[in-house]
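Working notes, structure below.
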Protein chains: 2
Amino acid sequence: MVQFVHPSIEDITLTGVLSALADPMRLRIVVSMTEKNDCMSCSEAAPCSSMAKSTLSHHFRILREAGIIRTVKVGVENRNFLRGEDINNRFPGLLNEILKYAN
Amino acid sequence: MVQFVHPSIEDITLTGVLSALADPMRLRIVVSMTEKNDCMSCSEAAPCSSMAKSTLSHHFRILREAGIIRTVKVGVENRNFLRGEDINNRFPGLLNEILKYAN
DNA sequence: TCAATAGTTCAATTATATTGAACTATTGAA
DNA sequence: TTCAATAGTTCAATATAATTGAACTATTGA
């Protein structure tokens with residue numbers, strides 16, 4: 001059984017958030033999540049990219065460990081939720097400002 | 001004679017800016033520049049860090065190629081200026097929002 | 001002319017990203 | 001309850017980026 005590690009709000013760092021969002025694929029994932037009720041599985045992201053699933057899994061882990069998403073295993077799939085409120089508590093306005101210019 | 005390459009405003013990308021600012025040392029450099037009239041030389045940054053000067057030179061290059069600073073050779077030293085207005089034209093409000101939470 | 005200063009460039013090492021293959025876990029159907 | 005299908009992780013290998021010391025260029029000022 002895989003257990004996911006999520007940082008607490010106070011452990012979310014600015015450079016951690018920026019690093020996580022500094023990758024085009026990860027930024028697209030976050031944008032997609034805001035467009036579809038803040039939830040996205042790894043296999044939903046796959047068709048939009050030409051990446052190996054191990055690479056996608058890696059990207060979701062980076063986002064998770066930066067505190068940007070929360071991953072919950074539901075049945076056979078992982079549901080990833082944007083931690084919008086947490087990030088907004090930690091860095092008010094930052095995420096929206098970045099997403100404003102993503103695409 | 002070393003010639004510096006600076007991207008034009010329209011060539012500044014969001015992920016480029018985020019990558020550049022996602023490094024703690026580079027973020028500190030940018031913060032320092034805003035605190036001291038938007039100008040900083042490589043040797044001014046050196047005492048604040050335990051980094052090799054070749055590494056610092058590399059960091060200034062990353063910032064330059066991301067469009068965040070403009071480097072001008074004056075005598076024996078390089079003066080680096082924050083391209084605050086350019087970045088603000090490209091992504092209004094973004095840089096200030098990030099700097100708000102840098103330290 | 002020459003030492004000092006500022007910084008770049010190079011080659012080598014270290015760290016991180018990407019991938020295919022093998023693996024675990026869950027579901028749903030025979 | 002078995003077994004194939006699905007979803008995703010983990011591993012080992014390779015490719016790409018970061019870090020550094022050493023050698024270099026360019027400028028100044030004595």
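Sequence lines set the chain letters: A, B, ... in the order given, protein chains first and strands last, and positions in each chain run from 1.
Across residues 20-29 of chain A, not one residue has a non-hydrogen atom less than 4.0 Å from an atom of DNA chain C. Residues from residues 58-68 of chain B with heavy atoms under 4.0 angstrom of DNA chain D, sorted by number: B/H58, B/H59.
The heavy-atom pair separating B/T71 from B/H6 by the smallest distance is N-NE2, 2.8 Å.
For the salt bridge (Lys or Arg N to Asp or Glu O under 4.0 Å) test, no residue two or more places apart in sequence or in another chain qualifies with B/K53. Remark: B/S57 engages no residue in a side-chain hydrogen bond (donor to acceptor under 3.5 Å, both in side chains) (not counting sequence neighbours). For A/D11, the side chain to side chain contact (heavy atoms under 4.5 Å, CB included) partners two or more places apart in sequence, or in a different chain, are A/P7, A/S8. A/T15 pairs by the side-chain hydrogen bond (donor to acceptor under 3.5 Å, both in side chains) definition with nothing, not counting sequence neighbours. Shown here are the side chain to side chain contact (heavy atoms under 4.5 Å, CB included) partners of B/V74, two or more places apart in sequence or in another chain: B/V72, B/R79. Every residue two or more places apart in sequence or in another chain was checked for a salt bridge (Lys or Arg N to Asp or Glu O under 4.0 Å) with B/R90, and none qualifies.
The list of ring-ring contact (aromatic ring centres under 6.0 Å, His included) pairs with a residue in residues 74-103 of chain B, not counting sequence neighbours, reads A/F91-B/Y101, A/Y101-B/F91. Identified under the side chain to side chain donor-acceptor pair (under 3.5 Å) test for residues 19-35 of chain B, with sequence neighbours left out: B/R26-B/H59.
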Before you tell me yes or no, could you show the steps for A/L14 and A/L94 under side chain to side chain contact (heavy atoms under 4.5 Å, CB included), namely the whole-Å CA-CA distance, both residues' side-chain angles and the distance that decides it to 0.1 Å? CA-CA 9 Å; A/L14 178 60; A/L94 178 67; 3.6 Å; yes

Checking side chain to side chain contact (heavy atoms under 4.5 Å, CB included) for the pair B/C42/B/N78: CA distance, chi angles, key distance, verdict? CA-CA 7 Å; B/C42 195; B/N78 291 354; 5.8 Å; no

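Put simply, CE on B/M51 is 12 Å from P on D/dG21, counting in whole angstrom units.
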Distances under 3.5 Å only, N/O to N/O: pair up the protein atoms with those of nucleotides 5-7 of chain C.
| residue | atom | partner | partner atom | Å |
| --- | --- | --- | --- | --- |
| C/dA6 | O4' | B/V76 | O | 3.2 |
| C/dG7 | OP1 | B/C42 | N | 3.1 |
| C/dG7 | OP1 | B/N78 | N | 3.2 |
| C/dG7 | OP1 | B/N78 | O | 3.3 |
| C/dG7 | OP2 | B/S43 | N | 2.5 |
| C/dG7 | OP2 | B/S43 | OG | 3.0 |
| C/dG7 | O3' | B/N78 | ND2 | 2.8 |
| C/dG7 | N7 | B/K53 | NZ | 2.8 |
| C/dG7 | O6 | B/K53 | NZ | 2.7 |

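Environment of CD in B/E85: sparse, with no more than 12 heavy atoms of neighbouring residues, nucleotides or ligands closer than 6.0 Å.
A close approach under 4.0 Å does not occur between any side-chain nitrogen or oxygen of A/S54 and OP1 or OP2 of C/dG20.
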Dot-bracket pairing map - DNA chain D, Watson-Crick plus G-U, both contacts under 3.5 Å, | cross-strand: ||||||||||||||||||||||||||||||

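Both A/L99 and B/I98 sit in one connected hydrophobic cluster of ILVMFWY residues. Membership requires side-chain heavy atoms under 4.5 Å apart, directly or through other members.
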